[in-house]
Amino acid sequence: MMNRKRFLQLGALAGAVTSMGGRGAYARQLTKVNGPVVVSTWDAGLRANKGAWEVLGKGGTALDAVEKGVMVTENEINCCVGLGANPDRDGFVTLDACIMDHRFNCGSVAFLERIKHPVSVARRVMEKTPHVMLVGSGAQQFALAEGFSLESAELSPDAKKAYQDWLKNEKYEPQINRENKENQGHGPFAPSQINGGWNHDTIGMVALDTNGNLGGSCTTSGMGFKMRGRLGDSPIIGAGLYVDGDVGACTATGQGEDVIRVAGSHSVVEMMRQGYGPEVACRKVIERIVKIKGPDVNKIQVAFLAINKHGVVGSFAIHKGFSYALKTNTAEKLVEANSWFK
Ligand code: SD4
């Protein structure tokens with residue numbers, strides 16, 4: 001007799017599956033692709049995916065693709081990620097990033113200042129040191145020794161304005177990350193019309209290359225106006241990103257503290273190892289966060305974005321409003337993720 005696990009595996013391979021779980025019956029669509037695929041969080045992912053595709057489209061590796069892809073976003077001044085993003089409450093932009101390949105090689109930097117491409121520094125940590133993670137002035141010292149330039153500490157015009165607005169109240173009250181017209185602004189605190197409307201600070205990307213290898217990256221300025229020294233999930237292997245070349249890869253966005261608590265991306269990959277399709281795997285971990293948070297779940301957003309070894313993509317968020325960008329040989333689009341609360 002076919003057990004549940006086998007059913008889900010077959011369902012994922014067929015490209016669509018309907019299952020039971022969480023709060024009852026729910027139907028879902030899974031995207032099964034042939035050839036390379038890249039997905040990344042939020043709508044900045046559309047541009048980042050193009051950068052990744054320059055590598056993937058030519059048969060390059062997922063690892064190179066996920067580095068090149070998120071570098072596009074790190075480069076966008078007045079965007080949500082990189083040196084143009086919101087500072088901490090003391091007025092300094094501090095960046096976190098990590099990268100991982102299909103063989104458990106990984107590198108990470110955190111609390112890094114004045115370096116344009118933290119994801120590339122993370123890759124050097126992975127490739128040139130015996131360590132996984134470097135932080136703060138040590139990470140900066142390493143970056144400079146590796147030939148990265150020290151950039152200006154000046155805030156981008158939009159970040160300067162958002163910071164000055166924030167200083168008026170100095171209220172630490174993160175809002176739910178989403179992209180829609182009612183909640184536009186620069187970072188998680190300042191609803192306004194700046195910068196086309198976003199209130200998130202991260203890009204996570206996972207990809208499968210033509211050789212069937214997976215890779216992932218995640219880069220962020222962290223939560224806007226955070227306490228100095230605060231780290232979220234994004235640079236933490238297993239929280240903001242995890243890749244197991246035999247199973248799948250996952251990245252996270254949203255309230256980092258609540259992703260760290262459940263080792264979010266690693267937990268999603270473990271669910272996929274148990275046979276769940278990517279969306280169900282994401283949903284199972286979201287369900288865990290919803291239970292842990294109780295009524296406080298209304299104050300936070302978390303979203304996971306996963307891909308399995310077969311190129312099946314899935315995502316799930318706590319609240320509506322999370323979308324991810326998908327690129328394959330035949331598709332290039334923004335997809336609204338399913339969510340716990342509709
Ligand atoms: C953090 N997870 O620093 C990041 C924030 C984020 O979109 O994803 N913002 O907690």
Side-chain angles (χ1 to χ4, degrees), residues 39-45 48 70 73-74 76 79-82 84-89 92-98 108-112 118-119 122 133 135 159 162 172-180 183-190 195-206 216-242 250-268 282 285-286 289 293 299-305 315-319 321-325 337 339:
V39 281
S40 53
T41 57
W42 305 108
D43 66 356
V70 301
T73 321
E74 287 179 342
E76 290 177 346
C79 184
C80 44
V81 168
N86 283 336
D88 64 19
R89 58 175 64 177
F92 301 100
V93 175
T94 69
L95 303 178
D96 311 323
C98 69
S108 161
V109 286
F111 198 53
L112 177 62
V119 71
M133 195 165 195
V135 303
Y172 193 66
E173 196 176 54
Q175 290 178 14
I176 288 171
N177 287 174
R178 45 165 83 102
E179 265 167 356
N180 63 27
N183 193 7
Q184 294 187 328
H186 194 265
F189 295 94
N195 197 35
W198 48 263
N199 74 339
H200 52 83
D201 333 90
T202 302
I203 182 161
M205 176 178 277
V206 287
S217 61
C218 190
T219 181
T220 188
S221 55
M223 202 170 279
F225 320 118
K226 62 197 172 189
M227 262 177 92
R228 186 142 176 85
R230 176 264 182 193
L231 290 186
D233 58 315
S234 306
I236 299 177
I237 298 295
L241 177 72
Y242 198 69
C250 178
T251 188
T253 187
Q255 184 85 20
E257 286 75 3
D258 294 305
V259 177
I260 294 170
R261 259 182 252 294
V262 295
S265 292
H266 180 262
S267 297
V268 170
C282 293
V285 182
I286 289 290
I289 297 171
K293 294 303 283 184
K299 298 184 194 149
I300 63 150
Q301 171 69 305
V302 170
F304 294 112
L305 173 60
S315 181
F316 206 81
I318 297 177
H319 296 281
F322 169 67
S323 49
Y324 65 90
S339 52

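Heavy atoms only: backbone and side chains are in, while hydrogens, waters and symmetry mates are out. All ligand and atom numbering here is 1-based and tracks the order in the structure.
Residue contacts with ligand 1: Glu257 is placed with no nitrogen or oxygen under 3.5 Å of a nitrogen or oxygen of the ligand (distance criterion only). Of the polar atoms of Gly256, at least one N or O is found under 3.5 Å from an N or O of ligand 1, judged by distance alone.
With sequence neighbours excluded, the residues satisfying salt bridge (Lys or Arg N to Asp or Glu O under 4.0 Å) with Arg261 are Asp258. Partners of Ser265 under the side-chain hydrogen bond (donor to acceptor under 3.5 Å, both in side chains) rule, at least two apart in sequence or in another chain, do not exist in this structure.
Listed by number with element, the atoms of ligand 1 under 4.0 Å from a non-hydrogen atom of Gly222 are 3 (O). Close approach of ligand 1 to Asp233 is summarised as follows: ligand atoms under 4.0 Å from at least one heavy atom of the residue are 1 (C), 2 (N), 4 (C), 10 (O). Close approach of ligand 1 to Met223 is summarised as follows: ligand atoms under 4.0 Å from at least one heavy atom of the residue are 3 (O). Counting atoms of ligand 1 from 1 in the listed order, those under 4.0 Å from a heavy atom of Thr253 are 6 (C), 7 (O), 8 (O), 9 (N).
Tyr242 has its side chain out of reach of Val268: every pair of non-hydrogen atoms, C-beta onward, lies at least 4.5 Å apart. Here the side chains of Leu231 and Asp96 are in contact, with some heavy-atom distance below 4.5 Å. Counting heavy atoms from C-beta on, the side chains of Met205 and Val39 never come closer than 4.5 Å. Asp88 has its side chain out of reach of Arg230: every pair of non-hydrogen atoms, C-beta onward, lies at least 4.5 Å apart.
Arg230 counts as a contact of ligand 1, since one of its heavy atoms falls under 4.0 Å from the ligand.
Of the listed options Gly254, Gly232, Ser234, Gly254 places a heavy atom closest to atom 5 (C) of ligand 1.
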